[in-house]
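As the structure lists them, so they are numbered: ligands from 1, and atoms in each ligand from 1.
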Amino acid sequence: MAKKLDKVVAVTVGVGWTGGIIAAELAKEGLKVVGLERGEDRSTDDFQMIHDEYRYAVRYGLMQDVSKETITFRNNPDEHALPMRQLGSFLPGEGVGGAGIHWNGQTWRFLPYDLEIKSKTDEAYGKDKLGEDYTLQDWGITYDELEPYFYQFELTTGLSGEENPLGAPRENDYPTPPMKSTPILDRFKEAAKNLELHPFQMPSANLSEKYENPDGQTINACQYCGYCERFGCEYGAKTSPNITVIPTAQKTGDFELRTDSNVVEILHEDGKATGVRYVDVKTGEEFDQPADVVILTSYVLNNTRLLLESELGRPYDPETKDGVIGKNYCYQITAGATGYFEDEKFNTFMGAGALGATVDDYNGDNFDHTDLDFIHGGTLSITQTGRRPIESNPVPKDTPSWGKEFKAKSLQYFNRSLSVGSEGASMPHRNNYLSLDPDYKDAYGSPLLRLTYDFTEQDKNLYRFMSERAAEILKEMGADIVEQNEISEHYDIVPYQTTHNTGGVIMGADPETSAVNNYLQMWDVDNLFVVGASAFAHNGGYNPTGTVGALAYRAAEGILKYLDEGGQLVQAKKTSQLV
Ligand SMILES: Cc1cc2nc3c(=O)[nH]c(=O)nc-3n(C[C@H](O)[C@H](O)[C@H](O)COP(=O)(O)OP(=O)(O)OC[C@H]3O[C@@H](n4cnc5c(N)ncnc54)[C@H](O)[C@@H]3O)c2cc1C
Ligand code: SF4
């Protein structure tokens, strides 16, 4: 029998970027907040001596423990899904700070086109260019409405950047100047200019200089150590929830962080959330934490799973396209190309997670798609993240995978190859969705989340186009051999691609087709907010966290408004009323 605890104003499920932002904003207003985090506590002190590639990058030292909880996967609804017993295609976080500890820090604002994608695409190319199986939707909010929240997140993170001539318009400059450029980035920028593209320095949460944010938290200057993605930062220079929003919440005295606390159910009665049930993962003891407002901040996968498991909202059905929970799961289309240089060496061993140069000429609707067989696009970037000894071994495709020639080419090209890659957008399809697995359970007896996902024709066409553009840039950079990446016939969940999963609890203007309104408040349960990339109605051509952060600040404002006024914060509209 679960032990009932004293009621608090708000409880967050998970304490990463989204949980931290909500906790800080509510606690600053003097409200009692409890943050329940399934993993352990973590701070910059824990990241000293962390440059151990095997432990952290290969054995996933900071990521979700799949011996306790994982997902099952299949490519299409006719297959039987099987559990992922090792992490692969994506690496969800676990522990205080979530994936915000081991992320890269490439931090973007989605384009105005993204937020009104259905209307703008229909307007430009006629109704349903992709066909009715693509469940494209507007997000129920415009870029102009979201702009101040983007800036709020950028001020919190101290983001380092410079003007992107084709990006979303900005009211204010970046809080800090761009990171240093390097010979590799300069080479990319020069080639892009020769091709009449518009290069700029990637916006980075690895800060170019020491910065104090509006909450009084200090973020240090990046040392370009090259151990960023998959590692914590020992210098306190990669902006993370642990050095910004979480200490801000803690210093108010109104935030209580409870680690090793795995939430298994959202408690509810008569259409209202009453709290959550969680298990102490060390003792197995169960607790009920009552709260006035429940906020799911447990990443895309568990936000969706907890709603399905707690029987809140209408589960999505791919046959009829009815229901909303689990709908519009999207990913990212990671196209690109690699260039090999015979006579030039580059300092690829140095870098930082978000040290890069980008062009946005092939992103969103920045180019004409009339004669193309896909919509949207993505960034094309060169990043210098620091090539590490175990997992980096670039060799041309015709190289044998062992023996003398393999060794010779591995040595030849370690410092003589560069890649240009795309964060390609991913469009929703009726058969790509999340549901509960009927067979497999986690260590606490709850059903696993089942992912049904495959590449679509849109994905494949976008991938080929973006890879060709990447190859053009590398040729202009002077590479002797240029090889385009190839997309597999079916999505394979084993090799790492990106941890940019989106959808499942999408936002919109119509409760028939979306799960949450534009404050991320559930249409069906006024005092339940579901925060994260789970709200994305599709995935854009950028990394997601800038947009996740903006939506989290918007949700925090909504929660305060709800506590003041109660009820639904947004008037629902029928899709037929939306122009
Ligand atoms: C290797 C890597 C590189 C990345 N690089 C970038 C990048 O450069 N740019 C970018 O924009 N994004 C990047 N991302 C993505 C970015 O990290 C995420 O978008 C961001 O961390 C999401 O924040 P969140 O709060 O939604 O979720 P998370 O950070 O995942 O936090 C959720 C927290 O909830 C906890 N939790 C889950 N379920 C429960 C439960 N049932 N009970 C209690 N607690 C629970 C988890 O343990 C976790 O700590 C990267 C991700 C990875 C893994
Ligand atoms: S590259 Fe910079 S931000 Fe990243 S871990 Fe090293 S010092 Fe920190």
Identity and separation of the nearest protein heavy atom to [atom]:
atom                    : value
atom 5 (S) of ligand 2  : Y227 O, 3.3 Å
atom 4 (Fe) of ligand 2 : C228 SG, 2.4 Å
atom 3 (C) of ligand 1  : W103 CA, 3.5 Å
atom 2 (Fe) of ligand 2 : C222 SG, 2.3 Å
atom 20 (C) of ligand 1 : T545 OG1, 3.9 Å

Going by heavy atoms, is [X] under 4.0 Å from ligand 1?
X    : answer
G353 : no
G95  : yes
G100 : yes
T107 : no
P544 : yes

Compute the ring centroids of [X] and [Y], then answer whether they are less than 6.0 Å apart.
X    : Y    : answer
H376 : Y113 : yes
Y491 : F73  : yes
Y553 : F150 : no
F110 : F536 : yes

So, 2.8 Å as the limit: is an N/O/S atom of C225 located closer than that to atom 6 (Fe) of ligand 2? yes

Under 4.0 Å from a heavy atom of [X]: give me the atoms of ligand 1 that qualify, with their elements.
X    : answer
G98  : 29 (O), 31 (O), 48 (C), 49 (O)
L36  : 43 (C), 44 (N)
N262 : 40 (C), 41 (N), 42 (N)
G93  : 46 (C), 47 (O), 48 (C)
L91  : 53 (C)
N302 : 37 (C), 38 (N), 39 (C), 41 (N)
E229 : 1 (C), 3 (C)
T499 : 15 (C), 51 (C), 52 (C), 53 (C)

Within the 4.0 Å heavy-atom cut-off, what Q64 brings close to ligand 1 is neither

So the atoms of ligand 2 within less than 4.0 Å of a heavy atom of K238 turn out to be 3 (S)

| Salt bridge or not for E37 and R258, using N-O below 4.0 Å? | no

- Which word best sums up how the rings of Y329 and Y331 line up, parallel for under 30°, tilted for 30 to 60°, or perpendicular for over 60°? parallel

Item checked: Within-cut-off N or O pair, Q106 and ligand 1, under 3.5 Å -> yes

Output for pair (M350 CE, Y224 OH), nearest 0.5 Å, gives 9.5 Å

